[in-house]
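Okay, so here's the structure we're looking at.
All values reported here derive from a predicted model rather than from experimental measurement.
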Amino acid sequence: MPTRKTLFWLIGASCLYLIAWNVGSGWLYILALLLAALPIASIIISRVNISRVTVELRAPASVSSGEDLPVSVEISNASLLPRFFLDIDIKYAGSKLKLFLPALGSRESRLVEIGIDDPRRGFFPGADVRLSSAAPAGLARRRRRLKAEAPLLVFPHWHKLASDWVTGQKNSGYMVSSAIPTRNTASDYLGVRDYRSGDSPRSIHWRTAARTGSLAVIEYARQTAITPVFLVDTFADGEQGEGTLSTFETAVTIAASLAQRESSNNRRSAIGFSPTDAAIRGLENSSLEAMRWLAEVQADSKKPMDLSLGSLPWPEVTPVLLLTSHGAYADMDRSQFLQAFPYSIVIMLDGSRFGDSRRSRFMNASSIEKLTGRLETIGVRFLLVTGPDEVPFCLTDL
């Protein structure tokens, strides 16, 4: 492709030709013709310059977001003629890399080591490579696109958690410290609360029931193990913020951190974008399978998380919902799902704190406070995250 410099060059050659014609100088004629021929020669040379050149990438099969990704780029010239002034643009793992080789000899290969500071989460089958040259004088630039195969899976960023699931809210009747499931109540007395469907008749506190006129039961702290089912909201309209600082990426980081903790303790867990999806995937997911799912999941759903279904195929599980404070979840405490699993854990990301655009989508502070109270009334543990920097501190409460 001719460049702007080519136009100026041709104008200069034309002016020199007019001067030579006026003064009748033979050597100026020859110089003008050489100047006019140079752009044509540049087009030919630049085209030849990028032919028979290959680019290969070598990188680890997997890496975590936030880590350094070492990449080896091998540029090879299969021709007997040397190549000059090669520009190489590479798009890989969400980053754009630029290389420049002033010269590449006959049948020569050059290995260049580069690093990507923060690869983007996801799966990348390879790199898009654009090879170009403007040799010899930059009067014409030829481009050539290549595909370099280098499969790479970038896992989400996650925090290593030393602690285990901790005691929940005082009135939630929920306490965890053991990995061995048990149905026996502990001796820790919490108080008396209203009767809920499914409560044992033996736990009814008849004095309170007689005094208030409604059934009430004795609440004990239950010593049991959490078998978490992580439900990550993929509602696109709930996404707020940019890049790794967005609400969705923050939710993925939290889910990855908790899933890794379950795996390090050799415990079962499930993960999905809805109760149905998690049920299909099953409880026997390995850490690698969970992280692979989190590596590729995107906030691309047109609808909010469906909480109208009140069932999971496992009786002893604790749903852990990770979602934003979108207005669609303002009445989630009334959903069939939370009514069926009153000891769920809700981790909500305050969308209004992650950006300023379209704040009306999200609940205000008053609405969140009211929702928090209603959730705690039915026994749901609630955690509000107001920014990505708070994640390590918030996770200590889980």
Side-chain angles (χ1 to χ4, degrees), residues 1-17 31-61 63 65 67-154 242-243:
M1 174 183 291
T3 63
R4 185 177 300 177
K5 189 184 294 186
T6 307
L7 179 61
F8 294 141
W9 195 277
L10 290 175
I11 292 175
S14 301
C15 292
L16 185 60
Y17 182 83
L31 183 59
L33 290 174
L34 289 175
L35 290 177
L38 191 56
I40 300 175
S42 294
I43 293 174
I44 296 173
I45 293 174
S46 62
R47 182 170 184 175
V48 172
N49 212 34
I50 60 174
S51 64
R52 304 195 69 184
V53 175
T54 59
V55 178
E56 295 183 5
L57 263 68
R58 290 190 288 272
V63 70
S65 179
E67 297 180 352
D68 291 336
L69 172 65
V71 180
S72 299
V73 183
E74 185 175 11
I75 304 101
S76 303
N77 175 21
S79 173
L80 293 174
L81 299 176
R83 301 296 190 244
F84 302 96
F85 307 119
L86 296 176
D87 291 301
I88 303 169
D89 296 321
I90 302 174
K91 292 182 180 180
Y92 188 54
S95 298
K96 295 181 180 180
L97 311 173
K98 289 184 176 292
L99 301 176
F100 174 72
L101 290 183
L104 189 63
S106 169
R107 301 289 176 89
E108 181 185 359
S109 294
R110 190 79 55 84
L111 188 65
V112 181
E113 302 287 345
I114 57 178
I116 298 176
D117 294 335
D118 190 11
R120 191 179 67 195
R121 178 180 61 84
F123 175 72
F124 303 91
D128 292 325
V129 180
R130 188 179 69 175
L131 182 65
S132 64
S133 175
L139 299 181
R141 179 174 293 276
R142 300 293 298 185
R143 294 181 175 87
R144 181 175 160 221
R145 293 189 177 276
L146 305 171
K147 288 287 186 181
E149 293 186 3
L152 170 68
L153 184 63
V154 181
E242 297 181 356

Next item on the list: Working to the nearest 0.5 Å, report the span between NZ of K91 and NZ of K96.
Entry: 4.5 Å
Margin query: Just verifying a value: how many Å separate D117 CG and L69 CG, rounded to the nearest 0.5 Å?
Written below: 10.0 Å
Next item on the list: Check whether any side-chain heavy atom of P70 sits under 4.5 Å from a side-chain heavy atom of P60, and report yes or no.
Entry: yes
Item checked: Step-by-step side chain to side chain contact (heavy atoms under 4.5 Å, CB included) determination, D128 to K147 -> CA-CA 5 Å; D128 292 325; K147 288 287 186 181; 2.2 Å; yes
Notebook entry, point to check: How close do V53 and R144 get, heavy atom to heavy atom, and via which atoms?
Noted result: O-NH1, 3.0 Å
Note to self: How long is the straight-line distance from CG of L152 back to CD1 of I116, given to the nearest 0.5 Å?
What the structure shows: 8.0 Å
Margin query: What I'd like to find out is whether the side chain of V73 reaches to under 4.5 Å of the side chain of E56, using heavy atoms alone.
Written below: no
Can I get a per-line list of side-chain donor-acceptor pairs under 3.5 Å for residues 76-86, giving both atom names and the distance, sequence neighbours left out?
unit_1 : atom_1 : unit_2 : atom_2 : d
S76    : OG     : S109   : OG     : 2.9
N77    : OD1    : S79    : N      : 3.0
N77    : ND2    : L81    : O      : 2.9
N77    : ND2    : G105   : O      : 2.9
S79    : OG     : L81    : N      : 3.0
S79    : OG     : R83    : NH2    : 3.4
R83    : NE     : V48    : O      : 3.4
R83    : NE     : N49    : O      : 3.2
R83    : NE     : S51    : O      : 3.3
R83    : NH1    : L81    : O      : 3.4
R83    : NH2    : V48    : O      : 3.4
R83    : NH2    : S51    : O      : 3.1
R83    : NH2    : S51    : OG     : 3.4

Check: Shortest non-hydrogen contact from P119 to V154?
Finding: O-CG1, 3.8 Å
Check: Does the side chain of V129 reach to within under 4.5 Å of the side chain of I88, using non-hydrogen atoms?
Finding: yes
Margin query: So, taking the atom named CG in L99 and the one named CD1 in I90, what distance separates them when rounded to the nearest 0.5 Å?
Written below: 5.0 Å
Margin query: Could you tell me if the side chain of D118 sits less than 4.5 Å from the side chain of S65, heavy atoms only?
Written below: yes
Item checked: Value rounded to 0.5 Å, distance of CD in E74 from CD in E113 -> 10.5 Å
Notebook entry, point to check: Between A59 and Y92, which heavy-atom pair has the shortest distance, and what is it?
Noted result: CB-OH, 3.7 Å
Check: What residues, two or more places apart in sequence or in another chain, satisfy salt bridge (charged side-chain N to carboxylate O under 4.0 Å, His left out) together with E67?
Finding: none
Notebook entry, point to check: Do the side chains of I75 and L131 get nearer than 4.5 Å, heavy atoms only?
Noted result: no
Checklist line | Exceeds 12 heavy-atom contacts within 6.0 angstrom, atom CD of E242 | finding: no
Item checked: Pairing residues for K98 by the salt bridge (charged side-chain N to carboxylate O under 4.0 Å, His left out) criterion, not counting sequence neighbours -> D89
Item checked: For the student: nearest non-hydrogen atoms of A127 and L57, plus distance -> CB-CD2, 3.6 Å
Margin query: Can you confirm whether more than 12 heavy atoms, excluding those of R110, are under 6.0 Å from its CZ atom?
Written below: yes
